[in-house]
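See structure below.
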Amino acid sequence: EVQLVESGGGLVQAGGSLRLSCAASGFTFDDYAIGWFRQAPGKEREGVSCISNADSKIYYADSVKGRFTISSDNAKKTVYLQMNSLKPEDTGVYYCAADRSWFVWITGWGKDDGYDHWGQGTQVTVSS
């Protein structure tokens with residue numbers, strides 16, 4: 001059974017940092033792409049970043065480029081999202097998602113219908 005468990009969310013002031021973790025189990029880590037999405041109240045869920053160890057691909061949404069860094073620890077089967085210079089507009093529930101890399105690339109890394117497996121989400125709140 002595929003499981004994704006996010007952690008690391010919280011309340012932080014604007015300009016601060018948080019590191020989110022996504023612990024994965026139940027699938028061959030190297031065959032999958034792991035994406036981070038977020039959803040703010042009243043808004044659609046949007047893709048934030050994605051990483052695939054199989055083909056060394058990394059993507060970021062324009063809104064987080066230069067501020068967020070995605071990384072992967074294969075031994076721990078965990079993907080991290082380091083978030084620096086946080087802004088109030090980064091507030092939302094952050095989800096990690098996973099599916100086979102080839103399917104994610106065909107669908108588009110930032111589209112949530114490219115992922116069959118989702119974590120429960122972790123709340124990030126950035127105060128101004």
Side-chain angles (χ1 to χ4, degrees):
E1 179 186 2
V2 174
Q3 284 195 322
L4 300 168
V5 180
E6 303 99 332
S7 61
L11 172 64
V12 64
Q13 288 188 333
S17 298
L18 284 173
R19 189 178 80 157
L20 305 183
S21 299
C22 173
S25 62
F27 60 93
T28 303
F29 196 66
D30 285 351
D31 291 341
Y32 278 60
I34 309 293
W36 282 100
F37 287 74
R38 66 186 180 190
Q39 188 166 23
K43 294 188 177 181
E44 291 188 356
R45 189 160 55 188
E46 62 174 347
V48 174
S49 184
C50 181
I51 187 168
S52 169
N53 292 315
D55 41 21
S56 301
K57 291 182 179 179
I58 289 178
Y59 296 96
Y60 296 100
D62 287 343
S63 58
V64 306
K65 281 181 181 175
R67 300 189 297 122
F68 291 11
T69 302
I70 193 169
S71 62
S72 177
D73 184 331
N74 289 0
K76 295 182 178 180
K77 292 189 176 181
T78 299
V79 171
Y80 303 98
L81 186 68
Q82 178 66 44
M83 306 187 296
N84 298 329
S85 303
L86 282 162
K87 304 175 181 180
E89 52 263 44
D90 294 318
T91 294
V93 179
Y94 282 68
Y95 301 89
C96 66
D99 214 312
R100 294 184 182 274
S101 297
W102 65 265
F103 184 66
V104 171
W105 305 147
I106 287 175
T107 308
W109 75 266
K111 296 183 179 180
D112 55 11
D113 57 3
Y115 302 81
D116 277 343
H117 310 289
W118 292 81
Q120 82 287 351
T122 186
Q123 176 71 44
V124 171
T125 303
V126 184
S127 63
S128 57

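Starting from 1, each residue takes its place in the sequence as its number.
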Which atoms form the tightest heavy-atom contact between [X] and [Y], and what is the distance?
X    : Y    : value
A33  : S101 : N-OG, 3.3 Å
V124 : G9   : CG2-CA, 4.1 Å
S52  : W105 : CB-CZ2, 3.2 Å
L4   : H117 : CD1-O, 3.4 Å
Y59  : S49  : O-OG, 2.8 Å

Is Y32 reachable from L81 through a run of I, L, V, M, F, W or Y residues, each pair having side-chain heavy atoms under 4.5 Å apart?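 Yes, it is one cluster - the side chains of L81 and Y32 are joined through contacts under 4.5 Å.
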Test side chain to side chain contact (heavy atoms under 4.5 Å, CB included) applied to I70 and V48, V64, I34, I58, the passing residue: I58
Aromatic rings Y94 and F68: how do their planes relate, parallel, tilted or perpendicular, breaks at 30° and 60°?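 Aromatic pair Y94/F68 classed tilted.
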Evaluate the ring planes of Y95 and W118, with Trp represented by its six-membered ring, and classify them as parallel (under 30°), tilted (30 to 60°) or perpendicular (over 60°). perpendicular
Test item: F29 and S72 side chains (from C-beta on) under 4.5 Å apart, heavy atoms: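 The answer is yes; the side chains approach within 4.5 Å.
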Using a 3.5 Å distance criterion without hydrogens, assess whether the side chain of D31 forms a donor-acceptor pair with backbone atoms of R100.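 No, because the side chain of D31 does not come within donor-acceptor range (under 3.5 Å) of the backbone of R100.
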Expected output: side-chain Q39 to main-chain G92 donor-acceptor under 3.5 Å: no
Could you check whether S71 and D73, counting side-chain N and O atoms only, form a donor-acceptor pair closer than 3.5 Å? no
From CA spacing to verdict: side-chain contact (heavy atoms from CB on, under 4.5 Å), S17, Q82: CA-CA 7 Å; S17 298; Q82 178 66 44; 3.9 Å; yes
My understanding is that only residues two or more places apart in sequence, or in another chain, count here; which of them pass disulfide (SG to SG under 2.5 Å) with C50? none
Check K87 with D90, please: is the shortest side-chain N to carboxylate O separation under 4.0 Å?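 No, D90 and K87 are not salt-bridged.
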Listed partners of S21 passing side chain to side chain contact (heavy atoms under 4.5 Å, CB included), at least two apart: S7, T78, Y80
Checking side-chain contact (heavy atoms from CB on, under 4.5 Å) for the pair L20/M83: CA distance, chi angles, key distance, verdict? CA-CA 8 Å; L20 305 183; M83 306 187 296; 3.7 Å; yes
